[in-house]
Visitor: 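I'd like to ask you about the structure that follows.
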Amino acid sequence: MARKQPELRKQELLEIALRQFLQQGYEKTSIRSIVGEAKGEIGMFYHHFASKEEIFNAVLEQYNIAYIEKIKRIISEGKGSPFWDLVEIILSNLELSLKEYAQINHGAANTQVLMMIHQNTLMSLRPIIRGLIRDYVQSGEISPPETDAGLLADFLLFGTSAVIHNNEGKSKAVKKEAVKALLSRLLK
């Protein structure tokens with residue numbers, strides 16, 4: 001049987017680890033379970049990673065990088081669009097991202113791991129959203145209250161996230177309209 005290329009094997013381990021961490025959580029996921037699903041040996045794991053913590057951090061980073069690149073691409077493609085059109089594009093893509101995420105974890109998410117991934121992603125989006133706010137303020141398209149741009153970006157990110165992830169049975173459309181209404185009042 002032919003051996004997989006080292007980078008392909010490493011990527012396979014990362015994908016398996018992401019799925020297992022999401023489904024079982026950090027504590028219940030083991031190096032043996034990751035290697036077992038990959039049909040490999042323990043030594044193969046240690047060739048790529050020093051510990052479970054290292055692969056966990058690599059999984060978080062890889063997931064985060066992919067999501068941030070996607071958001072950057074969306075913003076770049078929407079550059080020059082009116083602010084509210086760009087908001088609509090970002091919110092629509094957020095819905096797609098949530099569907100993609102559900103496919104990755106097969107609906108069985110470990111809350112603790114999910115929260116870590118989510119928190120990490122929001123923190124990484126801060127400079128992007130700050131820059132976006134700055135650009136649209138400079139163009140005169142929006143005029144938020146005088147405040148620190150970083151705090152405003154945090155409020156927008158974490159507030160929008162709270163509405164989008166609210167589990168009180170509200171439809172995606174209702175949540176999306178609520179976010180747009182709140183943003184329009186805040187950013188005028």
Visitor: Considering only heavy atoms from C-beta outward, does the side chain of Lys72 approach that of Ile68 to under 4.5 Å?
Guide: yes
Visitor: Are Leu182 and Val174 connected in a single hydrophobic cluster, I mean Ile/Leu/Val/Met/Phe/Trp/Tyr linked by side-chain heavy atoms less than 4.5 Å apart?
Guide: no
Visitor: Nearest 0.5 Å, what's the CD-CZ distance between Glu41 and Arg32?
Guide: 9.5 Å
Visitor: Please give me the minimum heavy-atom distance between Phe49 and Ala58, naming the atom from each residue.
Guide: CE2-CB, 4.0 Å
Visitor: Please name the pair of heavy atoms, one in Asn64 and one in Thr121, separated by the smallest distance, quoted to 0.1 Å.
Guide: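 So the two residues come closest at OD1-CA, 3.2 Å.
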Visitor: Under 6.0 Å from the CZ atom of Phe155, do we count more than 12 heavy atoms belonging to anything else shown?
Guide: no
Visitor: Hey, does Glu53 have a side-chain heavy atom less than 4.5 Å from the side chain of Asn57?
Guide: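 Yes, close enough: below the 4.5 Å cut-off.
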Visitor: Determine, step by step, whether Val87 and Ile90 satisfy the side chain to side chain contact (heavy atoms under 4.5 Å, CB included) criterion, reporting the C-alpha distance in whole Å, the side-chain angles of both residues, the deciding distance to 0.1 Å, and the verdict.
Guide: CA-CA 5 Å; Val87 167; Ile90 291 170; 5.8 Å; no
Visitor: Could you tell me which non-hydrogen atom of Ala153 sits nearest to which non-hydrogen atom of Arg130, and how far apart they are?
Guide: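 Shortest heavy-atom contact: CB-CG, 3.8 Å.
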Visitor: Should Leu91 and Phe158 be regarded as members of a common hydrophobic cluster, given that ILVMFWY residues are connected when their side-chain heavy atoms come within less than 4.5 Å of each other, either directly or indirectly?
Guide: yes
Visitor: Is Glu54 atom CD crowded by more than 12 heavy atoms from other residues, nucleotides or ligands, each under 6.0 Å away?
Guide: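 Check passes, neighbour count above 12.
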Visitor: Is it true that a side-chain atom of Thr29 and a backbone atom of Gly25 form a donor plus acceptor pair closer than 3.5 Å?
Guide: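 The answer is yes, because a donor-acceptor pair under 3.5 Å joins these two groups.
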Visitor: Any side-chain heavy atom of Ser51 sitting closer than 4.5 Å to one from Ile31?
Guide: no
Visitor: Is any side-chain heavy atom of Leu186 closer than 4.5 Å to one of Leu156?
Guide: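 Touching, per the 4.5 Å side-chain cut-off.
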Visitor: For the atom pair CD (Glu177) and NZ (Lys172), what is the distance rounded to the nearest 0.5 Å?
Guide: 15.0 Å
Visitor: Does the plane of the ring in Tyr63 sit parallel, tilted or perpendicular to the ring in Tyr67? Use 30° and 60° as the thresholds.
Guide: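 Rings of Tyr63 and Tyr67: parallel, as their planes differ by under 30°.
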Visitor: So which of Glu15, Met44, His48 actually passes side-chain contact (heavy atoms from CB on, under 4.5 Å) with Lys10?
Guide: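 So the option named by the test is His48.
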Visitor: Would Val59 end up clustered with Ile65 when hydrophobic side chains under 4.5 Å apart are linked, directly or stepwise?
Guide: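 Different clusters: Val59 never reaches Ile65 through Ile, Leu, Val, Met, Phe, Trp or Tyr contacts under 4.5 Å.
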Visitor: Ignoring hydrogens and geometry, is there a side-chain-to-backbone donor-acceptor pair from Lys52 to Ser30 under 3.5 Å?
Guide: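 Absent.
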Visitor: Could you state the interatomic distance from OG (Ser33) to CD (Gln24), rounded to the nearest 0.5 Å?
Guide: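 The OG atom of Ser33 sits 5.5 Å away from the CD atom of Gln24.
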Visitor: Please determine whether residues Val163 and Ile89 belong to a single hydrophobic cluster, defined as Ile, Leu, Val, Met, Phe, Trp and Tyr linked transitively by side-chain heavy-atom distances below 4.5 Å.
Guide: yes
Visitor: Tell me the closest heavy-atom pair linking Gly78 and Leu86, and the distance in Å.
Guide: CA-CD1, 3.9 Å
Visitor: Below 4.0 angstrom, N of the basic side chain to O of the carboxylate: do Glu69 and Arg73 qualify?
Guide: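 Salt bridge between Glu69 and Arg73, a charged N being under 4.0 Å from a carboxylate O: no.
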Visitor: Step by step, would you call Leu132 with Ile128 a side chain to side chain contact (heavy atoms under 4.5 Å, CB included)?
Guide: CA-CA 6 Å; Leu132 193 61; Ile128 297 166; 5.6 Å; no
Visitor: I need the Ile133 CD1 to Thr147 OG1 distance, nearest 0.5 Å.
Guide: 10.0 Å
Visitor: What are the two closest heavy atoms between Ala38 and Arg9, and how far apart are they?
Guide: O-NH1, 2.8 Å
Visitor: May I ask you to decide if Tyr136's main-chain N or O and Ser139's side chain share a donor-acceptor pair within less than 3.5 Å?
Guide: yes
Visitor: Could you walk me through whether Gln11 and Gln62 pass the side chain to side chain contact (heavy atoms under 4.5 Å, CB included) test, one step at a time?
Guide: CA-CA 10 Å; Gln11 186 57 40; Gln62 185 178 51; 2.6 Å; yes
Visitor: Without swapping roles, check the side chain of Glu141 against the backbone of Phe83 for a donor-acceptor pair under 3.5 Å.
Guide: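 Pair found, side chain donor or acceptor close to backbone of Phe83.
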Visitor: Determine, stepwise, if the pair Lys180 / Glu88 fulfils side chain to side chain contact (heavy atoms under 4.5 Å, CB included).
Guide: CA-CA 8 Å; Lys180 290 186 334 190; Glu88 183 68 35; 2.6 Å; yes
Visitor: With the side chain counted from C-beta on, respond yes when Lys188 and Ile142 share a heavy-atom pair under 4.5 Å apart, and no when they do not.
Guide: no
Visitor: Anything under 30° is parallel, anything over 60° is perpendicular, the rest tilted; go ahead and classify Tyr26 against Phe21.
Guide: parallel
Visitor: Rounded at 0.5 Å granularity, tell me how far CD1 in Ile71 sits from CG in Leu125.
Guide: 6.0 Å
Visitor: Locate the shortest heavy-atom distance separating Pro144 from Leu152; write the atom from each residue and the value.
Guide: CB-CD2, 3.5 Å
Visitor: Between Ile16 and Gln20, is any pair of side-chain heavy atoms under 4.5 Å apart?
Guide: yes
Visitor: Are Leu18 and Leu22 packed together at the side-chain level, in the sense that at least one heavy-atom pair is separated by less than 4.5 angstrom?
Guide: yes
